[in-house]
Structures are given as C-alpha cells and as structure tokens.
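This report refers to the structure that appears directly beneath it.
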Amino acid sequence: MNKQYKIHPVFMIILLLIFMPYSAMAKPLYQLHVEQAEISDQDLKKSLKQVKKHKKIKIIDNLPVPPFHKRTTQQTTQKQPFCLTCHLALPHRNDERSRTFMNMHSRYIACETCHFRPETVAMTYRWLAYDGIDAGNVLSPRRALENIVEKPPETEQKHKAQFKKQVPLAPQPGARISPFYENIPVLLFKETPFAQKIKMEWKDASENQRADIKARLHAPLKKKGPACNKCHGKNKTLLDLETLGATPAQLKKIQNNTIVRFFERFKKNDDRIRINKLLQ
Amino acid sequence: MIVLFISFIQTVNAAQRHPDPDGCFSCHALEGLDYIDKNGVLRSASIDKQHYYSALHGSVPCKDCHRRIRDYPHKVENGEVDCANSCHVEEPSEGEPYTHKAVVKEYKDSVHGNGWYKGLTGGNRFREAKEAPVASCRFCHANELYIREAELPKFKEAFDHLDSECGSCHQGEIWLGQFGGHILRRFIGSRWNKNDHNKMCNGCHADHERMAKVEQKNEKTGEKEKTGPRFILASDSYATTLHGRLLETNVMQGASCIDCHAPKRFRHGVLRDEKNDASTHTDNLAETCAQSGCHAYATHPLNHRFVKTDLHDIDMIPVNNSIVPRDQSRLESGWVKALIALSPIIVILGGGSLLWWLFGGKKKSVTFSILGGDAFQEKMIGRKPKSKVKKKVHQKKKPIATLTRKEAEDE
Amino acid sequence: MIKAIEAIKAIPNPQKYRYAVIMASCTLFFSPFLFLPGLVDNPDLCGKVCIRRFYLFFPGMSPADVSGKMQVAAIGVYILSLILITTFFFGRMWCGYICPVGGLPELVSRTFSDKWKIEYRALPQVPIRYGYFSVYLALMPMLGISACTLCNFITIPRIFDAFSGNPKGLAFALSAVGLVNLALLFLLGFFATKGRAYCQFLCPVGALDGLVNRLGAKLRFTRRIRVERNRCTGCNICARNCMTGSIKMVDRIAVVDQLSCMSCHECVDVCDWGAIDWRAAPLDEDPKRKKKGVDFHPQPQWQAVYVSSPLSKNK
C-alpha cells in the first residue's frame with residue numbers, strides 16, 4: 001500500500017524545478033549592480049542634463065555621392081547586447097584618434113569587456129556567440145576545435161602571403177570576447193526580461209525618471225576603457241589570450257602591434273604626431 | 001577571380017604594383033574601421049586592400065592623391081584630393097607623370113564646370129550631396145576594378161594569346177610587359193556601355209525636382225533664369241525616342257546621352273546647344289550623327305532636315321504634367337491644333353453611334369454611311385444613290401365617268 | 001441585347017473564325033500578356049521588332065548603312081519577310097487575319113452603326129496609298145519626320161498598356177502626339193466603314209503587302225480572291241460588303257483590285273451565285289480532242305486582277 005503513494009524522486013526534482021521561485025535563478029552581474037546602484041545627486045544632475053540635451057541621430061546611409069574606395073561590409077548579429085537599445089552599433093564617435101579603432105574592436109570584443117570592470121570582482125573572459133545556432137552560448141576557443149598547423153610565412157611566396165587571409169582568433173564570425181562571472185555572462189541581451197522592462201520603463205518615463213534610469217544604468221560602468229597595453233601588453237593583461245585560443249604566432253603579433261606602440265606616444269588628447277615617426 | 005587576375009599581372013611590369021611606401025595600409029587595411037560622423041553619415045577608414053590593388057588606381061600610392069597627410073590623427077584639409085594632380089605613375093608611351101589634368105580642363109569648360117573637382121574628402125560627401133549644383137568627379141567615378149569581373153574571362157583569354165598574337169611583331173619582353181595589359185584592357189572593350197552612360201546621366205537629369213531648380217545663363221541678357229520644360233523633361237522625352245527605347249531593350253545600336261552630347265575626346269565636354277563648339281549645335285549635328293557606327297549618311301546635304309529631328313520632343317510627354325507648370329508653349333504645338341481640328345468630327349460620329357446603340361434604329365437591309373456613302377454608291381457600285389433619284393410625281397388623271405358635273409364643266 | 005445576339009448569329013462562319021483569330025492575335029501581341037514580344041524580350045512592338053522602319057531611304061546611304069539598319073531591326077526583317085512570302089502564295093493573310101493593329105479597329109468598328117461612319121472606300125485608294133508610301137519612304141526621312149509619327153503599331157499597344165496598368169501607355173495617350181494618333185485611330189479605324197481605312201491608306205506594311213499581292217496574282221497557282229466573270233450577275237452585294245473597298249462593278253461585273261484586297265473572304269461568304277472565291281486559278285483544261293456529241297460549257301475563268309480600262313464606264 002505504501003508503494004502506491006510513493007512519489008518517484010525524479011518526479012520530485014522536476015516539480016521543484018518547475019515551482020522554484022524565479023528570483024532564485026542567478027542574475028547577470030551587471031543586472032545585480034544596476035539594481036543595487038547608489039546614485040549621488042551630482043550623478044543625477046549630470047544625467048538629467050544629458051537627457052535634456054539629447055538629440056536623436058539620423059543615420060544617413062546612401063548618399064547620392066558614393067564613396068570612392070570600396071568598403072568592407074558592416075557587421076550585424078542575430079543577438080544584440082542590451083547597450084544597443086540606446087547606443088549605436090558603432091558607438092564611438094567623439095575621440096578622433098581612437099574612434100575607428102574602438103569601433104573595429106567592437107566587432108570581436110563585447111561592450112562590457114572594456115566598460116564594465118568593477119574592481120572588487122574577478123571575471124573570466126571567454127568567447128560568446130552572437131550569431132548562428134549557438135547564439136547566446138559560450139564557445140570553445142578555435143584551437144581547441146581544430147588542429148591547425150600554421151605554416152610559417154617564409155615557406156610561401158612573398159606576394160601570396162600578403163593577401164592570404166589570416167586565420168581569425170574568433171571561433172566563429174560574430175563571436176565576441178565577453179566577461180563571465182560564475183559562469184554566467186555579465187551582460188544581458190536585448191531580449192531578456194530585465195532589458196525589456198527597462199525599455200518599457202523608459203518609454204513612458206518623464207525626463208526626471210529617465211535621468212534616474214540612465215544614472216542607474218551607467219553607475220557600474222566606466223566611460224573610458226582600459227589602456228591599449230592592458231590587452232596588447234605582455235604583463236598583467238586583462239585578457240588571457242592563450243586561453244582564448246591564440247597560437248604563439250598570433251600572440252606575438254598582438255603583443256608587438258605597431259599601432260599600439262604608436263598610440264603610446266600620444267600624451268594629450270589633441271596631440272598630432274608625424275606618421276613617419278611610426279617607422280622609428 | 002581577383003586572385004587569378006593578380007597572379008597574371010605578376011608577369012606584367014607596367015608599373016610597380018602593390019606600392020605602399022608610406023605604410024598606410026598598416027592601419028587602413030584593417031577591417032571594421034567605421035564610425036558615424038557628426039552629420040550621421042556612415043564613414044569608413046577601412047580600404048579593401050585586395051580590391052584596391054586590383055582597381056584602377058592600384059599602382060598609385062596613397063599619398064599621390066592625399067598629398068599632405070603627415071600626422072595622425074589626419075587633418076581633414078590635408079587629405080583633400082585634387083583630381084587634376086599628377087602622380088608618380090609614369091604614362092608608358094611618354095614617360096611623363098600621369099595626370100587627369102586634360103580631363104579636368106574639359107570638364108571645367110563644360111556645362112558641369114562648376115562642379116567639385118578638387119578639395120574632395122570623405123567628410124564632405126554629405127555637403128556635396130546637399131550643396132553641389134552639378135556632378136563632381138566622384139559622383140560618377142569611383143575606384144572600380146581595373147578589369148570588371150564580368151570581363152575577366154575575356155581578358156584572360158586575350159592575355160593567354162598575348163605572346164602569340166601581339167608578340168609575333170612586338171618581340172620585346174619589356175615592351176610586352178609594359179604595354180600588354182594596358183592595351184589589352186582597352187582591347188576587350190570600354191568599361192562603360194551605353195546603358196551605363198544613360199544611367200549615370202539620369203541619376204540627376206531624371207530627377208525632375210532637381211532639374212526644376214537649375215538656372216542657366218541667358219546668352220543675350222546675361223541673366224540667370226530657370227529652364228523650361230524641354231530641359232526638365234529631357235530624360236523623359238529621350239526615353240520615348242527610338243534611341244532610348246532600343247537601349248532600354250539592350251539593343252546597343254541606340255545612341256546614349258554621351259554619344260550625342262559629348263562624343264569626342266574625353267567625353268566630359270557637354271556644351272550647351274547654342275555654343276558653336278557643341279556637338280549638338282545645328283552646324284555640328286551632321287558630324288555628330290555621322291560618327292562611326294551610326295548614321296553615316298547624315299552629312300549628305302539632302303539630309304540636313306533629318307539631322308534636325310527633335311530628339312527631345314516634349315509633345316511625346318503627357319500634356320498635363322504636374323512637374324512642369326502648364327506652359328502656354330506646349331499648346332502652340334502643331335499636334336494640338338490638329339487635335340482641335342479633328343475633334344468635332346469624332347464627337348458627331350461618336351454621338352450618333354451612341355444614340356444608335358441606345359435607341360436602336362430601323363435595321364434597313366442596306367445602310368450607307370452619312371459621309372461619303374453617296375460617292376461610294378456612284379463610283380464602286382455604279383448606281384445612283386436613292387437620294388439623288390428624282391421622284392417623278394405622277395398625277396393620276398381621273399376617268400371622266402367619275403368626274404362631278406362641275407369638274408367636267410371646268411375641263 | 002437580343003439584337004446583338006441576332007447580329008452575331010448572322011455572321012457567316014468563316015468570318016467568325018477570322019474574328020476569333022484576330023482576337024487571339026490581340027492577346028498574343030498586346031499587354032498584359034505580351035506573349036510574342038516577350039519571347040524576344042521586347043516590351044512592345046517597337047525597337048528590334050519594328051517592321052516599318054528599316055527600309056526608309058536616306059540620300060547618301062551605303063549598303064553598309066542598310067545592312068546596319070536591318071541588323072538593328074533583325075527580328076522585324078524576319079517577320080516582314082515571313083509576311084510577304086505568305087502573301088505571295090496565299091494573299092494578304094497577315095493583314096486580313098492576323099494583324100492585331102488593323103484587326104482591332106475593324107472589330108470595334110463593326111459594332112458601331114453603319115450610318116454614322118465615314119466612307120473611305122470610294123476614294124482612289126491606289127494613288128493615295130502609294131503616294132503616301134513614297135513620301136513615307138523617301139521624303140519624310142529627309143524632312144526629319146520620324147517614321148514613328150502616325151504609327152498605329154505604337155498607338156494601339158499603348159492603349160492596351162494603359163488599361164493593363166503600364167504607365168507607358170497612359171503617358172503616351174495623354175501626350176499631344178498620342179492624342180492625335182488616338183484621334184486618327186477613331187477617324188480611320190472605329191468610325192471608318194468596316195474599320196480598315198488606316199490599313200489602306202497609312203500603313204507602309206500594307207502598301208508593301210499590296211504590291212506583293214498584286215505581283216503574285218497573275219500566277220495561276222497563287223490563291224487570291226478571284227471572280228468567275230461568267231457567273232457574276234452584277235448584284236453588287238460583294239462590293240457593298242467588301243472590307244477594303246477593292247471590289248468595283250465594271251460593266252456590271254465585279255472586278256477585284258489586288259493591290260487593295262486583303263483576302264478576308266467576306267465577299268465569298270455573301271455571294272449567292274458562287275461567282276467569287278479565294279482560290280488558285282484552275283489549270284487550263286482544254287482537251288485536245290473532244291468526245292463527239294458532248295457539249296462543253298465554257299470553262300470557268302477565275303480572274304484575280306483589276307486592270308483599269310478606259311473603256312469601262314461607271315453609270
């Protein structure tokens with residue numbers, strides 16, 4: 001008789017999982033920080049000023065005057081980070097010196113990798129897929145997937161090496177290096193409930209409310225990203241490139257990047273330096 | 001395809017290919033160097049290196065055009081390009097530095113002369129799109145591939161025969177290397193076909209709003225005045241002509257805009273019809289029409305009216321055009337007068353037919369038309385029409401026996 | 001309505017067949033189907049399929065110029081040759097049975113009352129037609145008047161375009177040139193008796209076709225509308241019904257002008273006496289020897305051509 005009423009253990013686990021309170025599931029670190037953010041009055045004032053000044057940017061794509069040089073194609077991904085709800089896909093605009101390079105990096109490095117670096121937290125950096133069937137999932141680095149033996153360039157004809165497409169570091173197109181905390185990606189994508197909630201709130205909000213939302217969203221973030229040598233340098237780097245799948249040749253290239261060396265010479269924001277100094 | 005092409009060009013030493021003496025491509029070859037500028041325009045500093053080296057300017061180092069770039073970040077005004085500059089590429093026959101100066105001069109003397117030909121930067125594309133009155137150099141010309149992808153098979157075939165065909169007389173390796181590719185590129189045919197010409201011109205000239213804003217200088221008074229419907233609707237009136245219709249269906253014997261308006265030299269020299277040098281000036285039309293492959297008989301003296309056939313006849317455009325305000329001049333056309341003369345007859349006959357349909361009519365065995373029916377009967381059938389036969393009035397004489405007394409007395 | 005049905009019933013069967021062919025031809029050549037022009041990637045009947053342009057004469061033309069023109073209108077040359085060869089053997093089949101540009105006005109015209117029409121058939125067709133044709137061939141080019149002026153091959157297709165939603169049609173119809181062409185379509189088509197005035201006077205294809213028709217008519221093996229003079233009673237019903245006005249009563253016997261006849265067969269359908277037919281002339285069958293006592297009636301002599309004779313009088 002007892003056996004009739006005995007509930008199978010698996011059944012119990014399933015029941016628990018279904019009725020488990022939602023809030024017990026782990027939240028992305030960024031969301032936690034935003035929810036717990038403390039905003040000072042100064043921050044709020046600054047935020048209100050920005051909200052009032054803001055003008056929507058109309059992107060002009062097809063001018064009747066075509067560009068003279070052929071362009072590379074724009075990148076669009078299936079999944080988009082929460083930041084893109086407000087910011088452009090090419091978010092860097094103001095710093096003449098670095099805006100193009102930063103926008104280039106946004107193709108394979110997620111926004112939060114550079115802009116969300118809370119001091120007290122240690123995060124790991126892994127490849128996150130933004131496109132394809134595993135969109136939203138962690139990807140194994142390229143070297144682990146394939147057995148590529150790189151031929152040193154000297155054995156091939158010189159001119160062909162110029163045009164040979166280098167094997168990219170990213171395991172698949174559209175993948176970006178993102179920070180993870182306790183195995184959960186730090187940032188959210190646009191479709192997550194929290195992101196949708198913020199979007200709804202913003203739509204119906206007054207200016208002051210908007211200033212509040214804006215301040216809270218940006219409180220855990222840093223405006224200026226890390227210095228170039230934080231990733232391109234040899235010591236105490238932010239990213240462990242070997243774990244991300246870089247071969248020794250690729251590592252050497254990244255760490256000895258000429259452009260990075262050139263940028264290091266800039267002392268002030270509005271400096272201009274002779275390009276031929278690059279050769280020195 | 002492009003890689004194939006480059007591996008062929010390995011053997012052609014026309015000019016040093018892949019030159020980058022200033023190392024510009026160390027940054028500019030990177031993919032993704034894009035940003036949105038303050039006007040909202042998508043700007044890109046990435047240049048497809050493989051494409052550039054296979055393109056028209058592939059032998060030209062960056063600084064030959066962007067002359068004064070010295071610093072980073074680049075000062076915008078230092079990057080300005082002047083299309084009339086010469087560059088380090090030497091023109092093979094003379095050995096002189098190559099330049100587009102002659103083309104620019106032809107362009108400056110043409111009707112498009114106040115277009116931008118220098119001071120061109122990536123940034124001022126936006127301003128040019130808004131402000132420039134006419135097409136600039138880059139409006140029509142971009143850095144295209146040296147050989148169009150569609151023509152690569154043809155070029156490859158010709159290149160394979162270079163040694164056997166051209167080399168049978170031109171024996172020098174160096175000569176072949178220098179001139180082979182250069183000549184072959186022109187041998188396989190022009191990069192632009194007639195439909196490309198038309199598309200390019202129509203980019204502005206088919207835009208009626210834009211054309212309505214154009215002002216031309218009146219030669220007599222020297223004042224600027226707006227153009228008329230003939231100019232504004234030029235693209236449409238051309239499309240109704242045989243030339244336009246042939247090209248639309250890809251029959252390449254039609255004349256494109258440039259074939260008539262700038263057939264000579266660099267083909268940028270479009271001039272107004274009134275100017276004596278213009279290819280479309282009444283005195284020069286015969287020569288223009290008689291150009292190679294077209295109407296060779298046009299120079300014959302008896303054909304001087306043929307040569308003046310109106311190829312921008314706005315009588316072919318709908319009369320009530322919303323773009324051009326109703327112009328009195330259009331009503332003075334001979335066609336309109338003919339229409340006015342023909343309409344009454346149509347109205348009468350149409351009205352009659354309509355009434356006949358609605359109300360029937362006695363169905364006679366034979367009906368002849370009201371206009372000309374009589375002549376038909378007389379000439380074709382050979383009998384007099386009924387209306388012309390005089391009705392004889394028969395006066396029947398009454399028999400005497402029936403007369404009354406009075407009538408008999410009268411008689 | 002009943003009147004219409006009765007009128008349709010009264011049409012002789014061969015004529016019904018001809019009307020059906022014309023209507024089918026309209027759907028094949030015109031919008032919205034554009035089946036035949038579509039086979040050669042042409043949106044209308046102009047350009048490379050044009051059959052009236054490549055034989056224009058310009059002073060100073062060289063053979064190279066001629067071959068150049070023919071190359072551009074290559075398909076048109078092919079079509080015209082086909083038309084002329086068919087005409088040589090069978091009479092003007094294209095004009096009478098197939099041509100949608102002539103056939104459509106004819107069909108529309110037949111629905112209108114016979115009274116409210118303009119009678120063109122009495123006009124001297126041959127001088128007018130060939131006079132205009134020579135002007136068209138030689139003088140108009142020299143004067144710079146385009147061959148596309150007064151062309152019905154663009155007017156009617158553009159009307160169909162307009163009704164099928166193609167903007168080209170409306171644009172043409174509302175232009176000054178288009179409106180005049182439309183007016184002529186009414187005057188020479190819809191309101192002309194039997195609807196074929198444009199064909200007879202202004203169509204260069206018709207003029208050429210007529211010449212070929214006349215050329216072949218004397219040959220006995222070609223099929224033409226021929227009159228058996230011995231059977232003709234002079235009732236003139238054929239002349240009255242002739243679509244093109246090519247039958248004239250001369251000395252009370254019908255004669256057919258082969259420069260104008262379109263072999264439409266209508267005269268054959270209405271002749272009760274069997275005196276007119278579309279046929280080849282019978283071969284001369286005079287035997288060398290006759291059987292004794294047998295009476296031979298005069299052999300029928302089907303004549304095709306009208307020769308203008310000063311002796312014949314019109315009453």
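Naming: A, B, ... by sequence-line order, numbering from 1 per chain. When reading the values below, keep in mind they use all heavy atoms of this one structure, side chains included, and skip hydrogens, waters and symmetry mates.
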Which residue pairs pass the side-chain hydrogen bond (donor to acceptor under 3.5 Å, both in side chains) test when at least one of the two sits in residues 300-310 of chain B, sequence neighbours left out?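 Passing the test, one end in residues 300-310 of chain B: B:Arg230-B:Asp310.
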
Interface moiety of [X] toward chain B, non-hydrogen atoms closer than 4.5 Å:
{"X": "C:Thr193", "result": "side chain"}
{"X": "C:Pro59", "result": "both"}
{"X": "C:Thr111", "result": "both"}

When B:Gly372, B:Ser353, B:Pro301, B:Ala296 are compared by non-hydrogen pairs under 4.5 Å with chain C, the top option: B:Ser353

Taking the six-membered ring for Trp, are the ring centroids of B:Trp356 and C:Phe112 within less than 6.0 Å of each other? no

Trace of the side-chain contact (heavy atoms from CB on, under 4.5 Å) decision for C:Arg53 with B:Leu242: CA-CA 10 Å; C:Arg53 200 185 73 240; B:Leu242 186 64; 3.2 Å; yes

Could you tell me whether the side chain of [Y] reaches within less than 4.5 Å of the side chain of [X], counting heavy atoms only?
{"X": "B:Thr249", "Y": "C:Asp41", "value": "no"}
{"X": "C:Glu119", "Y": "B:Asp374", "value": "no"}
{"X": "B:Thr240", "Y": "C:Lys168", "value": "no"}
{"X": "B:Ile345", "Y": "C:Ile118", "value": "yes"}

About how many Å separate [atom2] of [Y] and [atom1] of [X], when rounded to the nearest 0.5 Å?
{"X": "C:Met61", "Y": "B:His295", "atom1": "CE", "atom2": "NE2", "value": "10.0 Å"}
{"X": "B:Leu349", "Y": "C:Ser113", "atom1": "CG", "atom2": "OG", "value": "9.5 Å"}
{"X": "C:Leu182", "Y": "B:Leu339", "atom1": "CG", "atom2": "CG", "value": "9.0 Å"}

Please report the C-alpha distance between C:Ser175 and B:Trp335 in whole Å, then the side-chain angles of each, then the deciding distance to 0.1 Å, and finally whether the side-chain contact (heavy atoms from CB on, under 4.5 Å) criterion is met. CA-CA 9 Å; C:Ser175 68; B:Trp335 293 95; over 6 Å; no

Those residues of residues 281-289 of chain B, ordered by number, that approach chain C below 4.5 Å (heavy atom to heavy atom):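 Against chain C, none of the residues of residues 281-289 of chain B fall inside the cut-off of heavy atoms under 4.5 Å.
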
Under a 4.5 Å heavy-atom cutoff, which of C:Ile154, C:Asn241, C:Leu143 has the most pairs with chain B? C:Leu143

